[in-house]
Amino acid sequence: MTQAEIKLCSLLLQEHFGEIVEKIGVHLIRTGSQPLRAIAHDTGTSLDQVKKALCVLIQHNLVIYQVHKRGVVEYEAQCSRVLRMLRYPRYIYTAKTLYSDTGELIVEELLLNGKMTMSAVVKKVADRLTETMEDGKTMDYAEVSNTFVRLADTHFVQRCPWVPATENSDPGPPPPAPILVISEKDMYLVPKLSLIGKGKRRRSSDEDAAGEPKAKRPKHSTDNKEPIPDDGIYWQANLDRFHQHFRDQAIVSAVANRMDQIFRSLPVGYNISKQVLDQYLTLLADDPLEFVGKSGDSGGGMYVINLHKALGSLATATLESVVQERFGSRCARIFRLVLQKKHLEQKQVEDFAMIPAKEAKDMLYKMLSGNFISLQEIPKTPDHAPSRTFYLYTVNILSAARMLLHRCYKSIANLIERRQFETKENKRLLEKSQRVEAIIASMQATGAEEAQLQEIEEMITAPERQQLETLKRNVNKLDASEIQVDETIFLLESYIESTMKRQ
Amino acid sequence: MAGNKGRGRAAYTFNIEAVGFGRGEKLPDVALKPPPLFPDTDYKPVPLKAGEGEDYMLALKQELRETMKRMPYYMETPEEKQDIERYSKRYMKVYKEEWIPDWRRLPREMMPRKKCRKAGPKSEKAKDTGKGASLANTADVLKKIEELEKRGDGEKSDEENEEKEGSKEKSKEGDEEEDDDAAEQEEYDEEEQEEENDYINSYFEDGDDFGADSDDNMDEATY
């Protein structure tokens with residue numbers, strides 16, 4: 001794991017789970033697989049806290065454990081899974097577009113809690129939906145269950161591995177850690193539950209008013225007394241399936257942009273005659289993008305979507321775009337030229353791009369030092385003398401993609417740090433504004449007059465208001481940037497992954 | 001050692017014109033410091049994508065951040081002792097729902113060890129049945145004696161004990177943890193309440209939050 005990735009993981013863990021979990025998580029990412037005592041010793045944390053932190057991390061699928069010989073259990077962190085936390089908003093939003101609010105909340109609950117039983121999810125989501133409905137209306141468990149089943153059928157949620165039930169009693173001492181298994185066919189099997197009920201609104205006496213302790217509240221909510229019908233069957237969000245969806249979306253939109261004119265004239269309802277369809281497919285197949293390839297003539301013509309090429313094109317487009325925005329359009333022209341011709345000499349670049357020599361050199365060296373372009377040496381003589389060697393410029397897409405990906409991780413880490421800095425700088429003001437808002441809210445609830453509310457609002461002066469506005473704008477910008485950089489990360493990672501699978 | 005540039009004259013091994021400098025032209029100065037931290041860019045960045053989807057995701061992201069902080073998975077760092085202990089701090093603590101992991105899915109060493117007087121006889125029995133094989137191990141025996149002694153002193157020794165052992169006997173982790181885990185389930189809340197002081201926690205037998213419970217007139221506290 002590169003330093004940039006570790007740094008980013010550290011920031012993410014700290015933001016979502018606090019410093020203790022961050023310390024343990026980062027330690028595991030750095031050092032690899034370790035047993036409990038070693039972690040406690042190396043990080044200087046108390047054993048209790050290490051245990052708690054590990055429980056949290058395991059619950060969220062960020063750490064796995066393995067039993068080694070002599071009963072030693074070792075824990076290993078999954079760095080790439082930690083980085084996925086950046087993508088949570090995208091997963092949730094996708095669920096919303098596909099399965100509306102119910103789907104959105106189901107996925108959100110699963111992501112927030114790592115893993116949950118179906119009954120717990122259904123109940124929680126029903127309660128949340130009921131909160132947002134008009135007075136008197138409630139959300140039925142059955143409806144939520146249906147959406148859950150649909151999510152399972154389309155593989156967006158999957159079952160977690162579980163402890164196999166042992167029929168015979170174990171003669172020896174129980175193992176130090178349960179071995180969790182899951183079979184392919186069980187992964188999306190929804191248990192037969194008859195969840196009957198409706199969502200409940202939170203009673204106002206239970207609500208957390210800020211600062212009000214609830215010492216009289218019983219430790220466990222009363223619902224825990226009921227037996228859970230699907231006890232032990234946990235579900236988690238299936239991130240790979242979401243990634244598949246994103247990838248398909250990206251390819252479709254890329255092709256759509258390409259074939260914009262044709263698509264505009266596509267009749268509604270897809271009642272395309274065979275002949276017209278044929279024409280479109282041929283066009284797609286002949287397109288230099290090579291997304292669609294013709295793999296034979298059986299059945300009138302077999303077409304395949306060449307995923308690897310498609311991802312490669314997307315990655316290349318990303319690289320081109322970065323070069324353009326960073327170095328200018330003339331540089332971008334040179335870049336595309338070298339991409340197209342694969343290997344070019346200095347002189348050839350100047351000629352083909354029609355850019356004067358000095359400028360061309362300058363641009364090439366800029367891109368070279370940015371690692372977008374690389375030099376290929378081809379010696380004419382065995383002694384590799386520089387004056388008798390060809391130096392060809394070339395673009396190695398894979399290595400440029402890796403370089404850019406690494407840069408993206410750094411960028412997001414910087415964005416997060418800046419956002420945290422901005423928030424910390426204005427902490428006092430933020431707290432003040434939150435207090436004022438709380439006061440106003442409580443006064444409105446008890447029916448205060450306009451004049452009184454006005455007075456309270458004036459507690460925040462105009463320049464302070466300005467400051468808050470600026471802060472909000474900046475934080476929003478930084479957050480939005482994070483989301484967008486993550487989109488680039490997804491494209492680049494998908495491409496790099498596809499190249500590795502091919503080997 | 002390769003510094004010999006040939007009899008007195010500097011000569012480049014490659015054609016200097018190929019790099020872009022004319023013959024005899026003055027080469028640019030050597031850079032003596034690292035490049036600036038925030039260099040000026042010639043090209044301004046492209047504006048961010050804006051749209052319904054992006055706005056929604058932005059709101060989601062900020063909401064998620066806040067929600068995560070309130071979940072039981074977020075472990076607060078115990079704050080350092082303040083110079084003046086604020087009375088109001090007690091009443092401004094945000095109460096989080098507790099979370100108890102499913103112990104069946106976790107290694108047994110994950111369960112927090114609880115030295116509770118009232119559960120004494122039960123845990124002793126559990127310890128004995130699990131211990132059979134390793135009693136021969138002298139280190140374990142010593143440790144057991146140590147713990148039985150310390151049991152009378154309260155939980156304070158628990159953490160210190162473990163840390164000392166951690167450095168001594170790294171290799172025996174698996175065995176030791178197995179032996180000492182009582183089968184009791186425990187709420188993390190209890191652990192959080194443990195303070196490093198001389199009071200035996202079980203003295204206040206309630207088990208519930210000590211501080212908050214003792215006050216019956218809640219109204220006075222909120223302003």
Side-chain angles (χ1 to χ4, degrees), chain A residues 15-21 35-38 40-41 46-49 51-56 58-60 65 70-73 88-90 92-93 112 162-163 173-174 176-178 180 208 211-215 219 232 325-328 346 358 361 385-387 476-477 479-481 483-484, chain B residues 13-15 18-20 42-43 45-46 48-49 53-54 56-58 60-62 64-65 67-68 71 73-77 91-95 98 101-102 104-110 112 130 133 159 162-163 166-167 170 173-175 177-178 187-188 191 208-209 212-213 215 218 221-222:
Chain A
E15 253 196 348
H16 291 220
F17 300 116
E19 284 181 15
I20 303 177
V21 175
L36 183 63
R37 297 264 172 180
H41 179 257
S46 78
L47 210 58
D48 276 333
Q49 296 205 313
K51 286 183 196 174
K52 251 195 216 173
L54 284 174
C55 284
V56 169
I58 294 176
Q59 172 75 9
H60 283 81
Y65 64 81
R70 287 200 295 148
V72 172
V73 181
Y88 282 7
R90 200 170 171 195
I92 300 172
Y93 180 65
L112 276 176
W162 71 88
V163 189
L180 303 172
D208 318 3
E212 286 220 35
K214 296 182 305 301
K219 260 217 158 94
E325 295 309 324
R326 201 166 262 278
F327 302 118
Q346 172 84 52
K358 198 134 193 226
K361 279 185 192 118
S387 51
N476 282 354
K477 219 179 220 169
D479 267 328
S481 307
I483 297 179
Q484 249 189 266
Chain B
T13 55
F14 55 94
N15 184 4
V19 192
D42 298 321
Y43 303 95
V46 183
L48 292 167
K49 273 200 261 189
E54 279 74 29
Y56 194 82
M57 280 200 271
L58 177 63
L60 255 178
K61 183 173 204 284
Q62 295 179 333
L64 274 175
R65 204 166 36 232
T67 312
M68 289 250 187
M71 298 225 90
Y73 311 111
Y74 190 95
M75 287 173 65
E76 309 272 3
T77 32
Y91 294 94
M92 292 210 298
K93 279 198 237 173
V94 177
Y95 277 74
E98 287 147 31
D102 187 345
R104 298 168 294 182
R105 297 180 61 91
L106 294 168
R108 298 198 303 141
E109 61 186 7
M110 283 282 107
E159 287 165 32
E162 291 168 358
E163 263 157 73
S167 44
K170 260 200 203 175
E173 298 111 35
D175 285 355
E177 290 295 355
E178 271 171 60
E187 289 149 16
Y188 276 123
E191 296 287 320
D208 283 331
D209 305 341
D213 256 0
D215 294 323
M218 304 313 290
T222 56

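Chain naming here is simple, since letters A, B, ... match the order of the sequence lines and numbering starts at 1 in each.
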Engineer: Got a sec, which residues hit side-chain hydrogen bond (donor to acceptor under 3.5 Å, both in side chains) with A:Asp479, two or more places apart in sequence or on another chain?
Structural biologist: A:Arg419, B:Lys61, B:Gln62, B:Arg65
Engineer: Kindly give the heavy-atom pair with the smallest separation between A:Ile20 and B:Met75, and that separation in Å.
Structural biologist: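 What the structure gives for the nearest pair is CG2-CE, 3.9 Å.
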Engineer: Are the side chains of A:Leu54 and B:Met110 in contact, using a 4.5 Å heavy-atom criterion?
Structural biologist: yes
Engineer: Below 4.5 Å from any heavy atom of chain B, which atoms of A:Leu112 appear? Answer side chain, backbone, both or neither.
Structural biologist: both
Engineer: At their closest point, which heavy atom of A:His16 faces which heavy atom of B:Tyr74, and how far apart are they?
Structural biologist: O-CD1, 3.3 Å
Engineer: Would you say that B:Tyr43 contacts A:Arg326 through its side chain, given a criterion of any heavy-atom pair below 4.5 Å between the two side chains?
Structural biologist: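 Result no, sub-4.5 Å side-chain heavy-atom pair not found.
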Engineer: Given that the side chain runs from C-beta out, which part of A:Tyr65 has a heavy atom under 4.5 Å from chain B: side chain, backbone, both or neither?
Structural biologist: side chain
Engineer: How far apart are the closest heavy atoms of A:Asn476 and B:Leu58, and which atoms are they?
Structural biologist: O-CD1, 3.7 Å
Engineer: Taking every non-hydrogen pair under 4.5 Å, which of A:Gln59, A:Glu19, A:Gln49 racks up the most with chain B?
Structural biologist: A:Gln59
Engineer: Considering residues at least two apart in sequence or located in another chain, which fulfil the side chain to side chain contact (heavy atoms under 4.5 Å, CB included) criterion with B:Arg104?
Structural biologist: A:Asp231, A:Tyr234, B:Asp102
Engineer: Which heavy atom of B:Leu48 sits nearest to which heavy atom of A:Ala480, and what is that distance?
Structural biologist: CD1-CB, 3.9 Å
Engineer: Identify the two heavy atoms, one from B:Pro107 and one from A:Val73, that lie closest to each other, and give their separation to 0.1 Å.
Structural biologist: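 Closest approach of B:Pro107 to A:Val73: CG-CG1, 3.9 Å.
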Engineer: Closest heavy-atom contact between B:Lys49 and A:Gln484?
Structural biologist: N-OE1, 2.7 Å
Engineer: Please classify the contact between B:Met57 and chain A as side chain, backbone, both or neither, with a heavy-atom cut-off of under 4.5 Å.
Structural biologist: both
Engineer: Counting only heavy atoms closer than 4.5 Å, note whether B:Tyr56 contacts chain A via side chain, backbone, both or neither.
Structural biologist: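 B:Tyr56 touches chain A through side-chain heavy atoms alone.
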